[in-house]
Amino acid sequence: MKNIVKSGIENGLFLIFCLGLPFFLCTCGAPAVSGEHETTDDYYIVQDKRYQEIFTDLFELLSSEVSYGEEQFSIVREIANEYARIGEYGKLVNFLSYWVEKHPDDPYNAYHLFMIAYAYMQQEAYPVAALYFDLIIKNYPDLSIRGESIHLACLKQLIELGNKPDQRVWYYQELISRFSDNIDLGTAYFMLAQAYEAVGDWDAAIQNYTKFLPYYHTQIPGFPDAFGYAKQLVDFNNSPKDWTFESLSALVTAIKSAVNSGSSTRLERTMAKVNFFARSWEQEDEDNSGMAEFNLSDFMRGNRIRYADDLDESSNANEAYLRTWGWSQRISIWYLYFRKIYFPSDPEIHGRWEWAGVYYGEKF
């Protein structure tokens, strides 16, 4: 989580909103201002004599600004920045907290709360920071500081901090609907689909994976083959799925029967019609370069294909391998790869089995 905060600062978000100054967790203290005009409470005049005059002057300036506007906002921000420069972080956050409480109609309160949220993040009180970010979005109008939206910044932070998938769904929905011109839409659609998948809303997940597909060049950290993953789900969803089998034993029996008949047509009926792969063991999982020339009849013609009596010992409850040999062309040994289908969107298909691909050559 520390890396998340550090990354956000290095990317300029903190610099844009807080002028490059850190803010820390607040401590309880006396109110910053009182009376008809703004006056200074002794708590807010620092003990270090080098800075007392600065704060006295700033609070005097603040007391002369009785109406909301850029001048008043600049003074409030400068007071907070001065506290930060000398490490008086408790005073900084107490000052801003009480300011928001005393001035509920200040149009810059979203900014003040945003700074308070970062204070909690600096103290690694991330759940509290998230409450502030959420409060800003849901209760305060958006505010643009130096051309940057505070609501957009809050949403980005909430996405990093949020652990609940249903919350992430809402955050990504807001991000896409309100800030589509300011974000990487490809990443947003994919991550929204992931959030929907996590909450079990597979129809919505497939819809957003479909929206992601045109952004196939998008690089998503933590998902090296995001496009391949999304495409497989979308293609499978749009397919008839009539090649699946109720159990692994039924699938293996059908394949062995087709091989015994010597009919490539019968064998091809048992193949998955989407996402089928044919590759060597050394190839990457997303590399399907061998599929263009894959035609069973070319490999079976004039040959007797044989198979092991039992599945390979590395088979498990979700994946299985059957060693076969006698194929023509360069490599005669193939391992047929079977997998249990993971597709909660369709309970009738979820948990069935398919012949999903071929590995060429002897298994390592």
Side-chain angles (χ1 to χ4, degrees), residues 5 8-9 13-14 16-48 51-52 54-143 145 149-151 153-155 157-158 161:
V5 178
I9 295 174
L13 181 64
F14 194 64
I16 289 170
F17 288 110
C18 302
L19 302 179
L21 301 173
F23 299 96
F24 286 75
L25 186 65
C26 70
T27 59
C28 295
V33 290
S34 62
E36 182 177 357
H37 294 284
E38 312 300 349
T39 59
T40 309
D41 189 289
D42 288 343
Y43 169 80
Y44 287 92
I45 299 300
V46 298
Q47 298 301 310
D48 193 322
Y51 306 109
Q52 286 181 355
I54 294 174
F55 283 99
T56 299
D57 291 344
L58 284 172
F59 276 104
E60 286 180 358
L61 283 173
L62 184 59
S63 68
S64 67
E65 296 290 339
V66 295
S67 61
Y68 301 133
E70 292 186 8
E71 292 80 6
Q72 187 187 71
F73 169 65
S74 296
I75 298 169
V76 172
R77 182 173 59 183
E78 186 59 26
I79 291 172
N81 289 343
E82 285 298 327
Y83 282 136
R85 289 189 182 100
I86 63 174
E88 291 282 358
Y89 306 113
K91 286 181 170 57
L92 180 155
V93 181
N94 281 335
F95 167 66
L96 289 178
S97 298
Y98 192 77
W99 180 270
V100 172
E101 180 183 352
K102 183 174 175 61
H103 303 85
D105 297 324
D106 188 336
Y108 294 96
N109 277 342
Y111 171 85
H112 302 145
L113 292 170
F114 185 87
M115 294 171 68
I116 293 172
Y118 261 101
Y120 283 102
M121 290 183 71
Q122 293 294 83
Q123 289 292 308
E124 299 184 7
Y126 302 116
V128 181
L131 290 175
Y132 273 93
F133 289 132
D134 191 76
L135 176 70
I136 293 167
I137 293 173
K138 295 179 178 177
N139 295 275
Y140 290 84
D142 199 5
L143 184 64
I145 301 295
S149 161
I150 282 185
H151 278 197
C154 288
L155 283 169
Q157 291 301 316
L158 285 166
L161 296 171

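Along the sequence shown, residues carry numbers from 1. Because the structure is a prediction, the values reported are computed rather than measured.
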### Task
Output, in order, the C-alpha distance, side-chain angles, deciding distance and verdict of salt bridge (charged side-chain N to carboxylate O under 4.0 Å, His left out) for Glu70 and Arg77.
CA-CA 10 Å; Glu70 292 186 8; Arg77 182 173 59 183; over 6 Å; no
### Task
For this output row, return yes or no: ring centroids of Tyr108 and Tyr68 closer than 6.0 angstrom.
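Between Tyr68 and Tyr108, which both carry aromatic rings, the centre distance is not below 6.0 Å.
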Kindly indicate whether the side chain of [X], heavy atoms from C-beta on, has any atom under 4.5 Å from the side chain of [Y].
X      : Y      : answer
Val76  : Asp106 : no
Phe73  : Ile145 : yes
Phe95  : Phe59  : yes
Ile75  : Glu78  : no
Met115 : Tyr132 : no
Tyr51  : Ile45  : no

### Message
Holding to side chain to side chain contact (heavy atoms under 4.5 Å, CB included), I want the full list of residues that pass it with Glu101, two or more places apart in sequence or in another chain.
### Response
Tyr98
#### Entry: side chain to side chain contact (heavy atoms under 4.5 Å, CB included) partners of Leu135, counting only residues at least two apart
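Checked Leu135 against side chain to side chain contact (heavy atoms under 4.5 Å, CB included); matches are Leu113, Asn139, Tyr140.
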### Message
Regarding Glu82 and Lys91, does a basic nitrogen lie under 4.0 Å from an acidic carboxylate oxygen?
### Response
no
### Task
Determine the interplanar angle of the Tyr118 and Phe133 rings, folded into 0 to 90°, and report it as parallel if under 30°, tilted if 30 to 60°, perpendicular if over 60°.
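Perpendicular: the ring planes of Tyr118 and Phe133 meet at over 60°.
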